[in-house]
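Worksheet: one structure, shown below.
Just so it is clear, the structure is predicted and the values come from calculations on it, not from any experiment. Chain letters run A, B, ... following the sequence lines, proteins first and then strands; every chain starts at 1.
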Protein chains: 2
Amino acid sequence: MATTPAAGTRGRPRSFDREAALEQALRLFWQHGYEATSVADLTAAMGIRPPSLYAAFGDKRTLFAEVVARYRESHGAYTTRAYAEEPTARAGVARMLREAAAELADPEHPWGCLMISSTVNCTSPEVAQAVREQRNANVRALESRIRADVAAGREPADTDPALLAQFTAAVLQGMSQRARDGAGRAELEQVAAAAMRVWP
Amino acid sequence: MATTPAAGTRGRPRSFDREAALEQALRLFWQHGYEATSVADLTAAMGIRPPSLYAAFGDKRTLFAEVVARYRESHGAYTTRAYAEEPTARAGVARMLREAAAELADPEHPWGCLMISSTVNCTSPEVAQAVREQRNANVRALESRIRADVAAGREPADTDPALLAQFTAAVLQGMSQRARDGAGRAELEQVAAAAMRVWP
DNA sequence: CGCCTTCTGTAGTGCTCGATATAGAATTGG
DNA sequence: CCAATTCTATATCGAGCACTACAGAAGGCG
């Protein structure tokens with residue numbers, strides 16, 4: 001029974017920046033979606049060969065899962081940040097939608113939201129379902145937040161948590177689609193502001 | 001110089017129902033999108049072999065174009081019908097969104113809107129752009145309709161045509177995405193009703 | 001009947017897909 | 001130094017993609 005060698009030190013070192021390669025993968029999946037991004041596209045953008053990709057990230061599916069997690073913690077973090085930092089659900093949603101307008105139409109990166117668009121028309125049920133459940137979990141989390149604020153008296157009693165969560169999700173996902181169709185930041189900010197008139 | 005023979009009478013007759021085959025193609029493109037629907041999927045659902053498909057419909061791209069046109073005249077006709085038959089833009093949009101809720105979540109056919117979802121993440125720029133332009137044309141047409149109604153005094157003077165057209169498009173496209181994620185008719189009808197509170 | 005036209009089925013075309021077998025290169029541990 | 005380990009590059013795998021060449025079948029027309 002041999003002693004387990006210290007992991008990661010032995011052997012030929014990796015010849016590329018794993019973080020930078022992951023960021024390249026994120027851009028490609030964001031722009032073209034999960035299926036339309038080929039391993040050949042990924043390796044070309046990363047500047048590596050397929051065996052290096054598979055050694056560093058597993059297969060295409062696990063790489064995509066890592067990309068989704070990275071997106072949530074970077075470009076997609078504005079949602080949870082808005083809810084966490086604003087005192088009321090209403091203020092959180094207003095800020096989230098306002099920041100979404102700027103983010104979704106930002107010319108510095110692909111338009112729209114990776115969580116929303118990248119798995120549309122995906123032939124892998126597992127991949128599609130995994131991201132779908134994250135979207136639906138976001139809707140439920142928002143509904144819980146609104147409900148808690150109503151219970152605590154921070155929102156009017158006639159506030160409808162389920163409706164407003166569904167409505168906010170629909171508006172955000174619609175804004176993402178509109179951004180992909182070329183809608184600009186100013187137009188999306190108007191949509192975001194208009195959506196807040198629905199609140200009591 | 002031979003006289004042109006009467007088209008369609010000579011030769012071996014087609015052995016399948018072209019309309020029924022087109023409807024099968026519509027269902028497949030609706031459910032899986034343009035790229036994820038393979039010619040093998042299409043021929044299997046139509047009960048024919050590839051040469052018959054190509055003889056009757058051209059290639060996959062022209063078949064899809066015919067499917068899009070068919071969708072607009074059938075399942076997607078509720079939009080133009082609502083605008084045409086209602087006296088005001090506001091009533092037209094209210095009816096369109098209400099009917100959309102029922103249509104997008106109808107268990108009798110694939111969820112969501114074919115015009116919205118079937119070309120997301122499409123690698124063919126031509127196909128994606130063709131459908132995108134139809135979506136954007138719908139937004140412009142609605143804006144024109146609202147503007148005309150404001151000019152004619154059928155809508156309040158503080159009605160914002162550009163904003164309401166963008167907002168309505170975002171809500172409709174978001175409802176389509178929510179339907180694809182499993183949102184039911186009742187939830188979408190609530191979203192549709194809520195969206196109308198934005199109007200002055 | 002025989003000819004022409006059109007459609008159908010078999011069986012492929014070349015291409016791209018995700019993923020990998022194999023061998024060599026680069027590093028640590030002894 | 002040598003051995004063990006890990007990564008990299010070349011070349012390729014079988015499967016699926018959109019599409020089609022070819023030959024035969026099925027009809028109208030003379």
Side-chain angles (χ1 to χ4, degrees), chain A residues 1-22 25 28-29 32-67 119 121-128, chain B residues 1-22 25 28-29 32-67 119 121-128:
Chain A
M1 209 180 193
T3 57
T4 305
T9 58
R10 300 272 287 269
R12 179 173 175 174
R14 187 178 288 122
S15 65
F16 62 95
D17 184 341
R18 194 180 187 279
E19 284 287 309
L22 193 59
L28 284 183
F29 281 130
H32 304 294
Y34 174 72
E35 296 227 286
T37 302
S38 70
V39 172
D41 294 334
L42 290 164
T43 55
M46 293 171 169
I48 62 177
R49 256 51 59 193
S52 298
L53 184 149
Y54 284 87
F57 300 105
D59 58 6
K60 184 184 173 184
R61 193 172 141 183
T62 42
L63 168 59
F64 179 68
E66 194 168 343
V67 160
T119 56
N121 297 321
C122 180
T123 56
S124 165
E126 297 83 8
V127 173
Chain B
M1 209 179 190
T3 58
T4 304
T9 58
R10 299 273 287 270
R12 179 173 176 174
R14 206 194 322 272
S15 64
F16 63 96
D17 184 342
R18 194 182 188 279
E19 284 287 308
L22 194 58
L28 283 183
F29 280 131
H32 305 293
Y34 173 72
E35 296 228 284
T37 303
S38 70
V39 173
D41 293 334
L42 292 163
T43 55
M46 292 171 170
I48 62 178
R49 257 50 59 193
S52 299
L53 183 148
Y54 283 87
F57 300 105
D59 58 4
K60 183 184 173 183
R61 193 173 142 181
T62 45
L63 168 59
F64 179 69
E66 194 169 341
V67 160
T119 56
N121 297 322
C122 182
T123 56
S124 164
E126 297 83 8
V127 173

Task: Nucleotide nearest B/A40 (side chain, heavy atoms from C-beta), chosen from D/dT5, D/dT20, D/dC17 - done: D/dC17

Open item on the list: With a cut-off of less than 4.0 Å, is there a side-chain N or O of A/R49 near OP1 or OP2 of D/dA9?
Closed with: yes

Task: Gap between atoms CZ and C1', on A/F57 and C/dA19 respectively (whole Å) - done: 16 Å

Open item on the list: At less than 4.0 Å, is any side-chain N or O atom of A/S52 found next to OP1 or OP2 of D/dT8? Yes or no.
Closed with: yes

Task: Beyond-backbone contact of B/T123 with B/E35, side-chain heavy atoms, under 4.5 angstrom - done: yes

Open item on the list: Under 4.0 Å, heavy atoms only, any strand: does B/T37 hit a base, just the sugar-phosphate, or nothing?
Closed with: sugar-phosphate

Task: Smallest separation among heavy atoms of B/L63 and B/L22, with atom names - done: CD1-CD1, 3.7 Å

TODO: Figure out the OH/C1' separation between B/Y54 and D/dA21, and round it to whole Å.
DONE: 14 Å

Task: Nucleotide C/dT16, atom P - distance to CG of A/L42 in whole Å - done: 17 Å

- [ ] For the side chain of B/D59, starting at C-beta, report the closest nucleotide among D/dC19, C/dA19, D/dC17.
- [x] D/dC19

TODO: Report the relative orientation of the aromatic rings in A/F29 and A/Y34; use parallel for angles under 30°, tilted for 30 to 60°, perpendicular for over 60°.
DONE: parallel

Open item on the list: Heavy-atom nearest nucleotide on DNA chain C for B/R14 versus B/G11: which residue maps closer to 5'?
Closed with: B/G11

Task: From C/dA21, C/dT8, C/dG18, nucleotide with atom closest to A/P51 side chain - done: C/dA21

Open item on the list: Checking contacts here: which listed nucleotide (C/dC17, C/dT10, D/dT8) is nearest the side-chain heavy atoms of A/F16?
Closed with: D/dT8

Open item on the list: Measuring only between side-chain heavy atoms, which start at C-beta, is B/R61 closer than 4.5 Å to B/V127?
Closed with: yes

Task: Rounded distance (Å) that lies between atom P of D/dC19 and atom CD1 of B/I48 - done: 14 Å

Task: Which nucleotide in D/dT6, C/dT8, C/dG18 has an atom nearest any side-chain atom of A/R12 - done: D/dT6

Open item on the list: Counting only side-chain heavy atoms from C-beta out, which of C/dT27, D/dT8, D/dA4 sits nearest to A/P13?
Closed with: C/dT27

- [ ] Calculate the interatomic distance between A/E35 atom CD and D/dA15 atom P; express it in whole Å.
- [x] 19 Å

